[in-house]
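First up is the structure itself, then whatever we jot down about it.
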Amino acid sequence: MTEIRSDFLKVFTERGYLHQCTDLDALDKAFADEIVTAYIGFDCTAKSLHAGSLMQIMILRRLQQAGHKPIVLMGGGTTKVGDPTGRDESRPLITDDTIRENMDGIKKVFEKFLTFGDGPTDAIMVNNADWLDKLEYIPFLREYGPHFSINRMLTFDSVKLRLEREESMTFLEFNYMILQAYDFVELMKQYNCSLQIGGSDQWGNIVNGVELGRRTNGFSLYGLTSPLLTTSSGAKMGKTAGGAVWLNEDMLSAYDYWQFWRNTEDADVGRFLRLFTQIPLDEVARLEKLEGAELNEAKKILADACTEMAHGKAAAAAAAETARQTFEMGQTSEGLPTLEIPKSELADGIPAATLFQRTGLAQSTSEARKLIKGGGARLNDEKIDDEKAVLSLADLDGEGRIKLSAGKKRHYLVLPV
RNA sequence: GGAGGGAUGCCUGAGUGGUUAAAAGGGACGGACUGUAAAUCCGUUGGCUCUGCCUACGUUGGUUCAAAUCCAACUCCCUCCA
């Protein structure tokens with residue numbers, strides 16, 4: 001193909017967001033000549049999005065910065081059906097109430113990354129339940145059904161893999177791709193949205209939408225996908241000791257979020273800097289060349305930049321400072337996660353295992369006991385040897401608090417009140 | 001509607017009357033080594049008021065001194081036939 005001309009696609013390819021495109025040349029021309037409206041859909045299966053969706057969010061942010069219009073499509077309708085892509089089993093059905101709650105939680109994160117409003121390049125958020133809920137079965141089937149070939153649908157990975165693995169796929173799930181295709185056409189009609197972006201696993205769904213638009217209305221639609229993200233050691237992106245790396249502060253603290261990025265594998269630093277920060281490419285090139293322990297500096301810059309975007313400058317700085325005190329100075333920092341317990345309870349004595357369980361450092365008191373037995377539990381930085389140890393006021397440190405640690409990285413402060 | 005196969009711990013998957021909280025692998029967590037990395041090695045991996053007790057092999061009931069293992073019914077899934 002010829003040289004890429006548009007600013008957006010230049011950034012998109014240089015930074016490593018590009019996986020596939022339905023027609024890169026034509027799309028490049030569109031981006032160079034006009035304001036393109038593009039959308040990415042998000043399922044409402046949890047109260048917050050997690051790091052796995054961060055790449056899509058960054059893409060919308062970049063799109064807006066390059067002078068185009070992003071649409072955040074909330075899957076209020078499609079979540080009721082459940083995307084079978086990449087799943088061996090049907091999703092459990094989610095109730096309407098839960099979907100609504102999830103959507104409210106997810107909305108919050110976009111305000112941090114995008115500028116919403118009524119201007120030509122302001123982001124908008126729409127909910128596909130607005131049109132999907134109203135569909136009438138027979139008219140919909142008659143109008144759109146003829147454009148879908150079952151033969152073809154069976155060849156899409158989302159369906160094919162299920163059938164090959166001899167897992168069942170219900171008719172409900174089978175319809176997901178039809179609805180997603182219809183979304184695209186609807187967004188084109190309502191908002192002149194001509195581009196759908198998504199992860200590479202969404203390719204089949206996206207292509208369906210592009211074709212449906214062409215067949216029903218003669219639209220010229222485009223599809224663009226980003227690579228599926230895994231860490232260099234092959235693990236799925238977005239897991240940490242405590243579970244998923246949520247983007248909402250009430251699901252995962254800024255400190256833990258910062259820690260997640262700080263713990264990036266060496267081999268991923270450059271890639272993550274390009275994908276998840278806006279640090280200039282020449283600076284990224286310099287950072288990723290650092291060797292050995294020096295690479296840790298790059299990881300801190302990555303963590304700072306990511307945390308700043310998701311939680312704000314102040315929270316990022318606080319998280320970095322807490323980490324510095326905890327790991328580099330070996331001190332007890334105010335910024336660590338904190339649990340308050342009644343002073344009277346501590347005066348009576350409280351088993352260490354129970355306290356570990358209450359902070360969440362251990363899932364159960366049994367697990368806490370095993371942690372102690374295995375030598376991974378510490379009290380004010382001293383190893384706990386007795387799994388039946390009982391803590392009391394005598395265990396408070398000079399500052400009047402107790403620091404509990406599970407392993408080297410997970411710490412908690414217990415404050416008597 | 002008919003015939004057959006299946007449902008085991010976070011996941012995959014062995015076990016087909018007692019020594020089974022249940023092999024093995026994966027994942028996860030902890031330890032060692034390091035650089036708050038990876039790889040490697042070691043340990044742990046149902047819960048609790050923990051030398052004991054309680055719950056667990058789809059659900060419910062039964063046989064037995066004893067069941068994940070045998071029987072019956074039910075639920076769900078798969079395959080083939082109509």
Side-chain angles (χ1 to χ4, degrees), chain A residues 84 86-93 162-173 230-245 255-273 287-288 290-304 307 319-331 333 335-336 348-379 381 383-390 404-412:
Chain A
R87 303 195 120 239
D88 284 345
E89 287 166 21
S90 305
R91 289 172 192 273
L93 284 180
R162 255 322 162 82
L163 296 179
E164 277 172 4
R165 299 200 56 177
E166 303 194 341
E167 302 281 351
S168 86
M169 165 170 275
T170 64
F171 185 65
L172 176 75
E173 297 172 275
T230 53
T231 66
S232 289
S233 49
K236 248 185 220 149
M237 201 37 208
K239 287 281 177 186
T240 179
V245 182
Y255 169 74
D256 286 325
Y257 191 74
W258 193 93
Q259 280 296 315
F260 169 73
W261 294 106
R262 171 62 245 269
N263 283 308
T264 296
E265 293 174 25
D266 285 8
D268 291 325
V269 172
R271 199 158 52 108
F272 285 6
L273 281 168
L287 289 170
E288 72 178 333
L290 295 173
E291 302 243 337
E294 289 189 345
L295 198 54
N296 285 336
E297 293 310 310
K299 293 183 190 181
K300 285 181 206 165
I301 290 169
L302 173 68
D304 283 343
T307 309
E321 178 56 19
T322 299
R324 198 179 67 82
Q325 289 183 13
T326 306
F327 290 98
E328 292 174 29
M329 321 275 292
Q331 293 175 353
S333 168
L336 291 172
D348 293 342
I350 179 164
T354 304
L355 214 47
F356 268 94
Q357 183 266 120
R358 280 223 241 152
T359 57
L361 288 172
Q363 298 263 315
S364 63
T365 54
S366 292
E367 194 181 303
R369 276 194 206 95
K370 286 164 193 158
L371 185 73
I372 296 170
K373 222 185 278 181
R378 273 167 300 145
L379 163 69
D381 298 317
K383 191 166 135 192
I384 303 175
D385 291 315
D386 179 9
E387 62 177 285
K388 286 179 189 158
V390 174
L404 292 180
S405 311
K408 286 179 194 146
K409 296 188 193 173
R410 295 151 63 215
H411 308 280
Y412 234 94

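Chain letters run A, B, ... following the sequence lines, proteins first and then strands; every chain starts at 1.
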Would you say [X] reaches [N]'s phosphate, i.e. side-chain N/O to OP1/OP2 under 4.0 Å?
X         : N      : answer
Lys409(A) : A37(B) : yes
Arg410(A) : U36(B) : no
Ser364(A) : C48(B) : yes
Thr354(A) : U49(B) : no

Checklist entry - Does a sphere of radius 6.0 Å around CD in Glu328(A) hold more than 12 heavy atoms from other residues, nucleotides or ligands, not counting ones at 6.0 Å or beyond? => result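 Count over threshold, so yes.
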Next on the checklist: Strictly by Watson-Crick or wobble contacts shorter than 3.5 Å, is anything paired with A24(B), and which nucleotide is it?
Outcome noted: U12(B)
Checklist entry - Is there a Watson-Crick or G-U wobble partner for U51(B) with both distances under 3.5 Å, and which nucleotide is it? => result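 None - no nucleotide pairs with U51(B), as no candidate has both distances under 3.5 Å.
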Could you tell me the separation between the [atom1] atom of [X] and the [atom2] atom of [N], rounded to a whole number of Å?
X         : N      : atom1 : atom2 : result
His411(A) : U36(B) : NE2   : P     : 11 Å
Asn263(A) : U36(B) : CG    : P     : 10 Å
Lys408(A) : G30(B) : NZ    : P     : 10 Å
Gln363(A) : G30(B) : CD    : P     : 12 Å
Glu265(A) : A37(B) : CD    : P     : 11 Å
Asp268(A) : A39(B) : CG    : P     : 11 Å
Lys370(A) : C42(B) : NZ    : P     : 21 Å
Glu288(A) : A38(B) : CD    : C1'   : 17 Å

Base, sugar-phosphate or nothing for [X]? Non-hydrogen atoms, less than 4.0 Å.
X         : value
Ser366(A) : base
Lys373(A) : nothing
Thr264(A) : sugar-phosphate
Gly292(A) : base
Glu387(A) : nothing

Using atom [atom1] in both nucleotides, what's the gap between [N] and [M] to the nearest angstrom?
N      : M      : atom1 : result
C65(B) : G9(B)  : C1'   : 28 Å
G58(B) : C10(B) : P     : 13 Å
A14(B) : G6(B)  : C1'   : 15 Å
A23(B) : U75(B) : P     : 33 Å
G27(B) : C11(B) : P     : 16 Å
A39(B) : C57(B) : P     : 36 Å

Next on the checklist: Is any side-chain heavy atom of Leu379(A) closer than 4.5 Å to one of Leu404(A)?
Outcome noted: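 Result yes, sub-4.5 Å side-chain heavy-atom pair found.
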Checklist entry - Taking side chain as C-beta onward, heavy atoms only, is Thr307(A) less than 4.5 Å from Tyr255(A)? => result no
Checklist entry - Got a salt bridge between Lys300(A) and Glu297(A), using NZ or NE/NH1/NH2 to carboxylate O under 4.0 Å? => result yes
Item to check | First encountered from the 5' end of RNA chain B, between Ala377(A) and Glu291(A) | outcome: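 Residue closer to the 5' terminus by nearest nucleotide: Ala377(A).
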Item to check | Position toward the 5' end of RNA chain B (nearest nucleotide), Ala406(A) or Glu367(A) | outcome: Ala406(A)
Next on the checklist: Applying salt bridge (Lys or Arg N to Asp or Glu O under 4.0 Å) to Glu321(A) and Arg324(A), what does each step give before you reach the verdict?
Outcome noted: CA-CA 5 Å; Glu321(A) 178 56 19; Arg324(A) 198 179 67 82; 3.1 Å; yes
